[in-house]
Structure formats: C-alpha cells, structure tokens
Protein chains: 2
Amino acid sequence: MSAAGRPAPTDRSAPADRSARTGRAAPVARTAPADPAAASDATGSSRPRLDDLIQAERDIVARLDEVGIDADLDAFSVISNIYRAATAIRRHMETRVLAPEQLSWTAFVTLWVLWIWDEMEARHLAAEAGITKGTLTGVLDTLERRGLVTRRRHDDDRRLLSVRLTDDGQALLARIYPAFNAEEAAVADLVSDADRASVVTGLRDIVRGLPDLDDT
Amino acid sequence: MSAAGRPAPTDRSAPADRSARTGRAAPVARTAPADPAAASDATGSSRPRLDDLIQAERDIVARLDEVGIDADLDAFSVISNIYRAATAIRRHMETRVLAPEQLSWTAFVTLWVLWIWDEMEARHLAAEAGITKGTLTGVLDTLERRGLVTRRRHDDDRRLLSVRLTDDGQALLARIYPAFNAEEAAVADLVSDADRASVVTGLRDIVRGLPDLDDT
DNA sequence: GGTCGTTCGTTCGGCCCCGAACGGTAGCGG
DNA sequence: CCGCTACCGTTCGGGGCCGAACGAACGACC
C-alpha cells in the first residue's frame, strides 16, 4: 500500500478548534474523525475498530450539546448503523460477487426476484425489488439489452407488461446465487448468535411500521 | 384512493404455477407476493403486516428448495431486512423532513457532517458521509451552487480542499435537524426496548467486521 | 534539480433513482 | 358511445453513485 517513493504526508489536518466559530468553549475533548493513512474509499474511514465507532457516536452528542441541542443518541445510533451497515453490505456484495458479472445490486435483486417468482408483472416486480416503476424501466432496458430478461405485453390487457428471465438469465442466477448467499452468510456471521434474532425482528418491526409512520 | 369512475381491476395476475418451467412439482403452497390494490410506490408492497414479511421469507426458501438449492435463510433474513429497513428509512426521511427543503439524503448527511465538525477536508468529508470522492465533487457542486457550503484551497498544500458551511447552511441545519432527529426517534421507537441494544451492537459488528471480510 | 511514486480533487461514462408528466388502455356510468 | 376516472409502463430532468483515468501538487531521494 505504501512503499518506495514515499507518499506526501498530507495529514496536518485534524478539525482544529471551532470555539471561535460557535462562540462557545469546547467543554469536552473530542476525537477527530480524521483517518490518517489511506482510506481505500468511501468505507467511512478505513478499518474502524469498535471503540472508534462508539466513540464517534459519543462525539456527535458532545458536539450537539455544545450547540445546545439535546439529540436522541439512541435513535441516532439505530438509524445511522442501519444505514451504514446497508451501504457497507451493498458495496461488499457488489465488489465481491456482482462486479465480475458486471451486475449492480439492483440489477441482481431484480433478476433474483424473477428467478424466484419466474414471471412477474412490472409493477409487482418493482415493488418486490424495492424501486419505483420509473426506475424499473431503466433497469429492464439494461437487462434486456444484455439478453437476461424479456418483456412481453399482455394480450388481454395491453397496459400490462410481463417480465421473465431468459435462459441466459436463469443460468446466470444459478451460477452466482450460491456465492451470493455464501457471502450473505459470512456477513450474518459477524453478528453474535445472541444478537441475531433481535436484529432481524427489530428491523422487521421497522419495515412493517414505517408505512404507518409515513402518513401521520 | 379508489372511488368513482372505477379503476380497471387488473389483478388477474398472481404468479400462477411455474412447475412446467422448473420441471418440478411445487411441493408447498406458496403465497404470491402480489399486492392487490394500489401500492403507493416502491415501498415493497404497501403496508406489509408482520406475518406477510415472515411468510415472504419462508416462500423464498420453499422456492429455492424446489430448484434444489439449500440457502441460508437466517443469513438472507439478516441481509435483506437490513437493506429494506435502510431504504425505507431513507425514503421516509426524504419525504418527511428533507423534501420540503429540497435536500437529498446524501446532501443532508454531507451538510450534517460539516455542521458537526465545522470544517473538513474533502476526502475526510467523503469518508464520513460514506461516499467516494468522485461523488462528493458532484454533491459539493450542488451545495455550493445553492450557497450552502464553500470550497477553499489550502495555501500550504494546494492539492487539499477545505469545505465549510456558509451561514445559510448553518441556519438550515439548525432549523431542520431537530425535526430530523425527532423522526429518527420515532423510527427507533418501532423497535422494542428488548431488541434495540442488540440491533445497534449487531449492526456495529457488521460495520466493523466488513472491511476485514472485503479482502479475504 | 530532475525524476519517481503518491496523494489530492476533478472529470468521465455508465448506471441507478425518484417524482412528475405523459400517452395509451381499460372499465364504468350516463 | 362517450366522457370520466383510474391505472399501466415510459419518458424526462435533475441528482446521486461508482470506478477508472487524469492533471496538478507534493515529498523524497539520487
């Protein structure tokens, strides 16, 4: 990673003191988010240790406290960790399993849903894949161009569109899904046995409850 | 939602029988994913009940079993619920809190990080916001154009770029963050007290462990 | 003082993503 | 049979998103 000609130290950064800006003295010493030495990219600071993650969350509250805002740390932890985990997983899957096949996460999910349910009307497919119909149109364009799916208009109701995998698409899924699922297992194994059930039910509660929260 | 001139029933769909295709008889009765009557959009089938979510996951295994694939259901549940929850939360926040201000999730996160840490160099900002530097360039273009952040080149090292909020940006965050955090709390409340701690530690374990899993 | 290897942020091409607007289709009620 | 209304998938504009390639800046070493 770093070897010969020597980098260019660069990290004389570290968020310095902002007290002048906020007009308040900083009551607690906060650790800078920094990240000396090479972050591969976007992973949110390379190789975080557990302490770092927790410390970072504490820093947030300290900072918010400075500005006189009483934020709900637990809530923040829940939401931020869900989102971080999700993007980390997506990226992991994309680079490890999907990239060799030139597939994006969404393209894969779409193919996978079709693989499971064999044939589907567009709006259901969009819902199952978790994207809007507008997005699905573009995704299908890509997949169709690559010969992985086919579109077919219904004869009795010409508004409807049925989508299904081609043989190539079917073969592709049969080839990569085992690897995908194995990788899923590896990720899930990062969670302790004690926590796993709670993680699943907790997240399910959110998925189930959010629509109701949407229109309040 | 449905009223006068009457819709157009449409749902004579339901994934029918695929046994012809797979060449295997369907051993278990599976519930169709369907979703009769109006899905608002993309939410992954409108208003799912808990039983539906669990049943759907079981259906997956049943289907995989048909094709002779022994998938890890627990792993699937973990990964899929993380991702579903994350996108649901993102969408919820975007429509409820961010849309009125014309902000995307990423734009908000970027501003928020700057709000917490006051001034930051671009690569750190990208890492904290969980995006690549390439993406950050575009996001900063948008935010700068709207007068919410400023770019400033370092004098001593002209490769580096410091980003900070403008007064407008600061005011914006102070205005919307309380609402954002309140909404976070509402979402977090969907998780039972018994599960909440496990959810957080479980997800943290994933975030922490994934980078190591990346290069195996 | 000129390489050389590294790092910085930007640019590029391709894809995903959404909401809104749009034609086309379908059923109903008058 | 003709509006009306609702639904279908597509199109459009604007943004986010990534990896790869790029030029500029920099430090180290000969």
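Per chain, numbering begins at 1; letters A, B, ... match sequence-line order. Quick caveat, the model's predicted, so the values are computed rather than measured.
- Within the 4.0 angstrom heavy-atom criterion, base atoms lie near A/T135.
- Between B/R164 and B/D118, at least one side-chain nitrogen of the basic residue sits less than 4.0 Å from a carboxylate oxygen of the acidic one, meeting the salt-bridge criterion.
- In this entry the distance linking CG of A/L143 with C1' of C/dG14 reads 14 Å, nearest Å.
- Listed by chain and residue number, B/V109, B/W117, B/M120, B/L125, B/E128 satisfy the side-chain contact (heavy atoms from CB on, under 4.5 Å) test with B/V113 (two or more places apart in sequence, or in another chain).
- Atom OH in B/Y83 sits about 12 Å away from atom P in C/dC16, given to the nearest Å.
- By the salt bridge (charged side-chain N to carboxylate O under 4.0 Å, His left out) test, B/R152 is found to be paired with B/E119, residues two or more places apart in sequence or in another chain being considered.
- The CG-P distance, from B/D155 to C/dC8, rounds to 18 Å in whole Å.
- The interatomic distance linking B/R123 (CZ) with C/dT6 (P) rounds to 17 Å, in whole Å.
- Toward the 5' end of DNA chain D, the nearer of the two residues A/T137 and A/T95, judged by each one's closest nucleotide, is A/T137.
- Note: A/Y83 and B/W105 meet the aromatic proximity criterion, with ring centroids under 6.0 Å apart.
- Remark: C1' of C/dC28 and CG of A/D157 are 15 Å apart, rounded to the nearest angstrom.
- Note on ring orientation: taking the six-membered ring where Trp is involved, the planes of B/Y177 and B/W115 are tilted (angle from 30° to 60°).
- For the pair B/L140 CG and C/dC8 P, the interatomic distance rounds to 15 Å; values are reported in whole Å.
- We find that CG of A/D156 is positioned 14 Å from P of C/dT25, with the value rounded to whole Å.
- Near DNA chain C, meaning a heavy atom under 4.0 Å away, there are no residues from residues 101-110 of chain B.
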Atom pairs, protein N/O to nucleotides 20-24 of chain C N/O, distance under 3.5 Å:
none

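- No side-chain donor from either of B/D167 and B/Q170 sits under 3.5 Å from a side-chain acceptor of the other.
- A/D141 places its CG atom 14 Å from the C1' atom of C/dG14, with the value rounded to the nearest Å.
- Heavy atoms only, all atoms of each residue included: A/I79 and B/A188 are closest at CD1-N, 4.2 Å.
- For B/D72, there are no side-chain hydrogen bond (donor to acceptor under 3.5 Å, both in side chains) partners two or more places apart in sequence or in a different chain.
- Mapped onto DNA chain C by nearest heavy atom, A/R158 and A/R90 fall at different nucleotides, with A/R90 at the one closer to the 5' end.
- Taking the side-chain hydrogen bond (donor to acceptor under 3.5 Å, both in side chains) definition, one finds that A/S162 meets it with A/H154, sequence neighbours left out.
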